[in-house]
Every structure is written in structure tokens, then in C-alpha cells.
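To start, the structure itself, in C-alpha cells.
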2 protein chains.
Amino acid sequence: MSTANSSASAPQLQPPGCSIEAALEIVRDRWTILILRDAFRGIRRFDDLRRDLEIPRAILADRLRSLVESGVFVKRQYQQRPERFEYRLTPMGMELSPILVSLMQWGDRWLSGEEGPPRLLVHEPCATEIDMSFYCWTCEEAFTPSQISSQPGAVTAPAVHSQPALQSRPAVQSQPVLQEGDLKNNGATKS
Amino acid sequence: MSTANSSASAPQLQPPGCSIEAALEIVRDRWTILILRDAFRGIRRFDDLRRDLEIPRAILADRLRSLVESGVFVKRQYQQRPERFEYRLTPMGMELSPILVSLMQWGDRWLSGEEGPPRLLVHEPCATEIDMSFYCWTCEEAFTPSQISSQPGAVTAPAVHSQPALQSRPAVQSQPVLQEGDLKNNGATKS
DNA sequence: CCAACTAAGTTCAATTTACGAACTAGCTCA
DNA sequence: TGAGCTAGTTCGTAAATTGAACTTAGTTGG
């Protein structure tokens, strides 16, 4: 909404330049995220969602409509007479899970009380706890966000040649996402 | 706000039972997330944020106040006469990065046009692209969200005994987070 | 000295959005 | 016949957002 997106009809033409902004246009607000959380829990129906979230009906209807429109959910009939529908995650929707898991793990780590996190997520086959911190497959080590840097992906102007993938060391103008000194200094520490 | 949190003074007493909900009370909305994105880019000052985001001043002030209050930012003076402040991520704030990275990667994958994602995130020392999908250190394999299950962490009632940590195979009542059949079925596919 | 400018806000009226309660539609069950 | 269920819509009020103007405190230029 801030980055003006004039043409109303064609959706997703002219992506907002930042994928976070683009994602946020679909993952609109708190309610949307809570709906998604419930979807991952297997709650698929209007009234089940409404009861579980205590969300106003009008808002639930609106968010579901919007999520279907953007391809995160499919609305499918599960019974005729009377017609009843449920909302199921598409593959696009399923892939939102890292966002939810990250949110949950951050909440677990920084907001849960003495008793520890309310629920744990595990890899089902082996019950190993899921951990979403950063790991580099080249260096074979975990790293902190201060070691993340960003580099231009696609050029907005028509690409001159298809780049030969990013392998080894591009070494092009990469800018540190995070200045040094951010990790140091003050602020509460935990664990 | 839906899950009533009566006492205003004491913060974070009575966590909302779900860490996602708890996290969302701090990561309130689109603006907050965009402010955080900019913070990770090194933008620290009121007017720089305002210019970059084109966010209404009142909202920026409110969100910064709220983020400082919750411990995500520290407000620190960078000059006297006139007094000027900047907002810096605390360690708690830094750890929000997986959420932003997940959002960005989802946007990259599902919302970017023909030209591909606008920017790539890489591990600075080696320029390896960052990938936030799930990986199990026990099974030594990547897995999809359908293999995530959740199990009770802390009990809300006073803990009877400190549990001997979760190791090997708890095997207690774990419920699949995602029903089978969610991954299958319809919906757009990509890549 | 005066005017213009900067940074970090606050205040205010107008608009938008959210909220809760009531209502509708279509059907089932007793 | 009447109550109940699911999936909504409608509507009046309450709250949040928005953009513009104003404030405070100091700096810079002429």
C-alpha cells in the first residue's frame, strides 16, 4: 500500500521490489497468521476457525477470501446439500511453515515463562526438536545474522544474459545486511 | 488482544499459551515488520525510517515505542544538543532474523516475477546462498512441514518435577501438526 | 540577528478498518 | 414444527490509520 501499486486488475505484476513487502501483502496481519497456524494444525472450516480464534466472522470471511485469491488456500466443497466448503493449504501455503516455525521459536525463546515453551516442534520420524537457526553448507557451521549479507539478485531492467547460477564466490558488490556493532552493545540477554 | 491480557503494568506474565500468538503481540503488523527489515539493513533513525518506509510519523513513533518497550530495540542517544536518538536491535531483536528471512524467501519463491528474486541473502564469508528449509540433524535429511509434529512442552499447571530434558525418543502423545493429504491434492505448483 | 533547515516527535480531523451483534440461507434431525 | 448447524452477510459503533500541520531544540548561512 505504501509502494503504490496502481493497476488493480492484474495481480502480482510489478512486484514491490522487496520480497518481504511482497510477502506481507499476502500475509496481511495477525489474524491471517493465526488462520495459517490453525490451518497447519488441521483446522479447515469456517466455524472451527471462528470458534478457535474467536475472530469476528466478517474478518474471517475476508481473510479467507483473500488467502484463496492469492493462492495460499484452495476452497473445496466437502459436502453438498447444503453446500459446505473447507479451506486447504496449497503447496504455496504449506511453504509458509518456516515463517510460523520461526515466529514460534522466537516466542518460545524470548517470551515463554519459567515453565518453558508451551509446545515443542519435532521431526516426526525421530522426535528431534526442530531448530531454525542459520547453517552454512559450504562452511559447515552455524552462523548469526551479522554474517548475512545481501547481493543483487535479478536486475529490474531486462536481463542481458541468464547468469550461470551463483556458485563458488560471486564477490560482486555485496552489502552487509547488518552493521558490526549491532550484536555487541546493550540490551537484555537470555540463556 | 483477543486473548484478554488484563494487568497492564506487568509485562509478559501469563503467556498466551501459544508462542506464535505471543510473538505476534510484539511483531504487531506490517509496519513493525518493515521497520525491523530496515533495522537489519542498518537504518536506525526516526527520519531515515520515515523516509524509507513512507510511514506516517505517528505510527512510526508508536511502533518504535512499542518495540523498545518489548525489548526488541534499545533507544540510545547518538548526539546531545539537540538530543537525538537511534534505535538499535537488541540480541532479542536480532533473533527475529529467521522470521524476516523466511518471509523473504517465501516471497522470492512464490511472488517474484520472471526475472527472479530481487535480492539474495548469502553467508558472507563464503557467499553461499541462505536456505531456511527444514533439516533434521538426527536423520540427516531435509523434510517437509508434513513431517513436523508437536508435543506438549511445559505444562501450564505448576510443574511437579523438573523434566529430565527431552532427549532421544519421548514418544509421548505427539500430534501431527499437519494431516496427511494437505501436501497432496490441488493448488498451484511452482518450480 | 534573521531565515531556513534538520531531527524527532505530537496533535488533530477525516477516513478506513475492526468489532460484535443480529440476521440470512439452506439444510438436518427429533 | 421447531431447534440446530454451517457459512456467511449486514450494520452501527469503536478503534486505528493517515496526512497535514505544528512543536521543540538546535544548527547553518548570509
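Reminder, nothing fancy here: chain letters follow the sequence lines and each chain counts from 1.
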task: Nearest whole angstrom, please: distance from the C1' of D/dG26 to the CZ of B/Phe85.
output: 14 Å
message: If I take atom CD in residue B/Glu83 and atom C1' in nucleotide D/dT24, what distance separates them, rounded to the nearest angstrom?
response: 11 Å
- request: Calculate the interatomic distance between A/Ile55 atom CD1 and C/dT17 atom C1'; express it in whole Å.
  value: 13 Å
field: Upstream residue (5' side of DNA chain C) when A/Asp62 and B/Pro82 are each assigned their closest nucleotide
entry: B/Pro82
- request: Give a yes or no on whether A/Tyr135 and A/Ile130 share a hydrophobic cluster (residues Ile, Leu, Val, Met, Phe, Trp, Tyr; joining criterion: side-chain heavy atoms under 4.5 Å apart).
  value: no
field: Nucleotide nearest B/Arg57 (side chain, heavy atoms from C-beta), chosen from D/dA25, D/dT9, C/dA8
entry: C/dA8
message: Check the phosphate of C/dA18 against A/Trp31, side-chain N and O only, distance under 4.0 Å to OP1 or OP2. Yes or no?
response: no
- request: Send over the distance from A/Tyr78 OH to C/dC27 P, rounded to a whole Å.
  value: 14 Å
- request: Report yes or no: is the cationic atom of A/Arg44 (NZ for Lys, CZ for Arg) closer than 6.0 Å to the six-membered ring centre of A/Tyr78, at no more than 45° off its axis?
  value: no
- line: note: B/Leu64, atom CG; C/dA8, atom C1'; distance rounded to Å ~ 10 Å
field: B/Leu121/B/Met104 under side-chain contact (heavy atoms from CB on, under 4.5 Å): CA gap, chis, key distance, verdict
entry: CA-CA 9 Å; B/Leu121 295 185; B/Met104 176 173 158; 3.5 Å; yes
query: Does a side-chain N or O from A/Tyr87 land closer than 4.0 Å to OP1 or OP2 of D/dG8, or not?
result: yes
field: Under 4.0 angstrom between A/Arg84 side-chain N/O and C/dT28 OP1 or OP2
entry: no
Please write out each protein N/O paired with an N/O of nucleotides 1-4 of chain C under 3.5 Å, distance rounded to 0.1 Å.
none

- request: Carefully, step by step, assess B/Leu36 and B/Phe73 under the rule side-chain contact (heavy atoms from CB on, under 4.5 Å).
  value: CA-CA 9 Å; B/Leu36 289 167; B/Phe73 279 141; 4.2 Å; yes
message: In whole Å, I'd like the distance from the CD1 atom of A/Ile59 to the P atom of D/dA15.
response: 14 Å
message: I'd like to know if A/Asp52 pairs up with A/Arg37 as an ion pair, taking the criterion as any Lys NZ or Arg NE/NH1/NH2 lying under 4.0 Å from an Asp or Glu carboxylate oxygen.
response: yes
task: Check whether any side-chain nitrogen or oxygen of A/Arg63 sits under 4.0 Å from OP1 or OP2 of C/dT17, and answer yes or no.
output: no
message: Between P on D/dA25 and CZ on B/Phe46, what's the gap in Å once rounded to a whole number?
response: 17 Å
query: How is B/Arg28 classified with respect to the nucleic acid when contacts are heavy atoms under 4.0 Å: base, sugar-phosphate, or nothing?
result: nothing
field: N/O (side chain, A/Arg50) to phosphate O (OP1/OP2, C/dG20) under 4.0 Å
entry: no
message: Tell me whether the side-chain N or O atoms of B/Arg81 pair up with the base of D/dG26 as donor and acceptor below 3.5 Å, since no angle test is needed here.
response: no
- line: Of B/Gln80 and A/Arg45, the one whose nearest nucleotide on DNA chain D sits closer to the 5' end is A/Arg45
message: Please determine whether side-chain contact (heavy atoms from CB on, under 4.5 Å) holds for the pair B/Arg57 and B/Phe46, giving the CA-CA distance in whole Å, both sets of side-chain angles, and the decisive distance to 0.1 Å.
response: CA-CA 9 Å; B/Arg57 293 165 176 283; B/Phe46 191 93; 4.0 Å; yes
- line: Rounding to 0.5 Å, atoms OH (B/Tyr87) and CG (B/Leu67) come to a distance of 10.0 Å
task: Find which nucleotide of DNA chain D each of A/Ala61 and B/Ala58 is nearest to by heavy atoms, and output the residue with the more 5' nucleotide.
output: A/Ala61
query: Please give, in whole Å, the distance from C/dA7 P to B/Arg76 CZ?
result: 19 Å
- request: Verify, without hydrogens or angle tests, whether B/Glu21 (side chain) and B/Leu24 (backbone) share a donor-acceptor contact under 3.5 angstrom.
  value: no
